[in-house]
There are 2 protein chains.
Amino acid sequence: MDLRRLRYFVAVAEARSVGKAAERLRMAQPPLSVQIRKLEAEIGAPLFRRGTRGMDLTDAGQALLARAGEALALAADGVEAARAVAAGKRGRISVGYMFALANAVLPRLIPELRRSIPGVDLHFAELSASTREARLLDRSVTVALCMPAIHHPEIQVARVGAQPFMLAVPIRSPLARLSSVPMARLQGRPLIALPRPDQDPASSAVMALLRRHQIVMPVASRVETVHSAMSLVLAGEGLAILPACAQLGAPRGIVFRPLRDASDSIDIAVCWRRDSHSPLIRTFLKCAEKAVARM
Amino acid sequence: MDLRRLRYFVAVAEARSVGKAAERLRMAQPPLSVQIRKLEAEIGAPLFRRGTRGMDLTDAGQALLARAGEALALAADGVEAARAVAAGKRGRISVGYMFALANAVLPRLIPELRRSIPGVDLHFAELSASTREARLLDRSVTVALCMPAIHHPEIQVARVGAQPFMLAVPIRSPLARLSSVPMARLQGRPLIALPRPDQDPASSAVMALLRRHQIVMPVASRVETVHSAMSLVLAGEGLAILPACAQLGAPRGIVFRPLRDASDSIDIAVCWRRDSHSPLIRTFLKCAEKAVARM
DNA sequence: CATTGGCATACCGAAAACATATGGGCCAGG
DNA sequence: CCTGGCCCATATGTTTTCGGTATGCCAATG
């Protein structure tokens, strides 16, 4: 079964004439006549009654016509959909983000995406650093919002912004009185840490910061998310060094203070597979830049 | 857009490999590879990611695949439906019948048809003689049940049975006492007639019967249907000469009596356009023969 | 470093489709 | 009654496209 034949058949059925249909199809009449007869031979039954004034569908022809039009439309819609997806006008983008960015970035990012790519399905999943990397690699997420970036040969990275580290302290702590906290004041205090540095690059950035200033802070607890970290800070378990944007989700009773003489910051990055060439990714990147800039 | 390409595309997508798909399609690998690339060129975007271990759909490919399978199925279904209609396994048959046969034939005919051609839509319309002919000619009915047959160069006829003429009399009439009525007893009595002979061949058959026996019956009323005729007979307006099968729909108070020494009968026939070649008509004919035989 | 598995390219023969030319049936108008 | 026009079917040559074989290229593997 060939779509060309079906297309010809539909044309002849609509024009009720081989000649008229041939004209509309920009071809000569005889080959069209031949194609119709071949179609009839393939089906094994006449599809038209030949009269002296054109052609007329038989019952079998009407049965075919009812499906043929739909099949043609569906095929055309298929290529159209494929083109639209390839052009980034339709499709699906799945975003893996980290908890720390949820409150700061998503509220700005999502409307931006909806405006830029209205026909595209958006999916969001809050994922740990290691899961984001795995899901990028197995393609079950399209892009990841990371802080800091994922480093992997298969993964491409675009920096879209940076966040200074700040100190999260209970509002009742004496440190909260300072407008900024000198690094030296952290010496020896208990730290609420994120997962081990080998599992979470954000954590290793904090460690590097402390090491560079030769500060030692005993790890009081390890937690999964900045939210848990802030809860423990509020409970008085220790202090946390967190990206500034985390304060958007901070509970009452926690304040963020800049770290004096520490200009360290942590990158916010968009990461995706090097071999994903969807134009959606470019668009996503632009949206993410805008969203972070307005943060 | 060619269905062959779509078929190939679906095969490769399912096999996730050009080689495997080529094997399943009973063709060599290189031409299949070429066809896939042509499809990609036509769409203007890659549909597969080529890895070292086979092929993998891109998002655009998935969008196409979703429609392609349906389009293929629809096209296949279309030819299947056309074949089924041509073979008389599906389709539609529209039957024009006359009132006089409704009670006698339809209750036996319809179940017979349902058994023989279960997938076929049945339509019935009670039509006058002239309308049956017109509707046959313009194809708005497929077959007509007639008594007697339609004569027309475009219309083919098959006799499926015959009905003797009988006399319809009120049960209180003295004629009702006779087991059969001699023709001579009709002389001069008022007749309830069907439409004028030039409009209704059944009526002209009755006139011929009377003429042959040299009986004159004044026409008391002309009615459209045997049912009306029987109502008037019951009202004492006159007598009616009707096909025997009409007694099935006779009201209480009407009896039918054979006409002694008149062996006239009227044919029951199935009529259809000479250029209608649907096998449904053959099947219908068989069913009608059975139904009439069991009458 | 060689081998293997898988897709892409090159080239050739075969099949299918299209165009031009022509034939034949059916209605209409002279 | 005949003739011209309309429309579909058939015939034939040319061109396009498709499928097969041979081969190249790349990457992963041992």
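All chains are named by letter (A, B, ...) in the order of the sequence lines, taking the proteins before the strands, and each is independently numbered beginning at 1.
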Margin query: I'd like to know whether CD of A:E224 has more than 12 heavy-atom contacts from other residues, nucleotides or ligands below 6.0 angstrom.
Written below: no
Check: Is the backbone N or O of B:R49 less than 3.5 Å from a side-chain atom of B:T58, with the two atoms forming a donor-acceptor pair by type?
Finding: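 Checked: no pair found.
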Next item on the list: Measure from the side-chain N and O atoms of A:R90 to the backbone N and O of A:G119, and report whether any donor-acceptor pair falls under 3.5 Å.
Entry: no
Checklist line | Short N-O contact, B:D59 and A:R139, less than 4.0 angstrom | finding: no
[X] [atom1] to [N] [atom2]: how many Å, rounded?
X: B:F48; N: C:dG6; atom1: CZ; atom2: P; value: 16 Å
X: B:D56; N: C:dG6; atom1: CG; atom2: P; value: 15 Å
X: A:E23; N: D:dC7; atom1: CD; atom2: P; value: 10 Å

Notebook entry, point to check: Which part of the nucleic acid does B:G54 contact within heavy-atom distance under 4.0 Å: base, sugar-phosphate only, or nothing?
Noted result: sugar-phosphate
Check: Heavy atoms, side chains only, cut-off 4.5 Å: are B:M55 and B:R50 in contact?
Finding: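 B:M55 reaches B:R50 side chain to side chain.
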Check: Going 5' to 3' along nucleotides 24-30 of chain D, which nucleotides have protein heavy atoms under 4.0 Å from the base (write B), which only from the sugar-phosphate (write S), and which from neither (write -)?
Finding: ----S--
Note to self: One character per nucleotide, please: for nucleotides 10-22 of chain D, 5' to 3', B when the base has a protein heavy atom closer than 4.0 Å, S when only the sugar-phosphate does, - otherwise.
What the structure shows: BB------SBBBB
Next item on the list: State the CZ-OG distance between A:R135 and A:S130, to the nearest 0.5 angstrom.
Entry: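 Separation between the atoms: 11.0 Å.
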Next item on the list: Determine, stepwise, if the pair B:L101 / B:L106 fulfils side-chain contact (heavy atoms from CB on, under 4.5 Å).
Entry: CA-CA 7 Å; B:L101 291 171; B:L106 292 194; over 6 Å; no
Checklist line | Residue list, side-chain hydrogen bond (donor to acceptor under 3.5 Å, both in side chains) with B:T131, at least two apart or on another chain | finding: B:S128
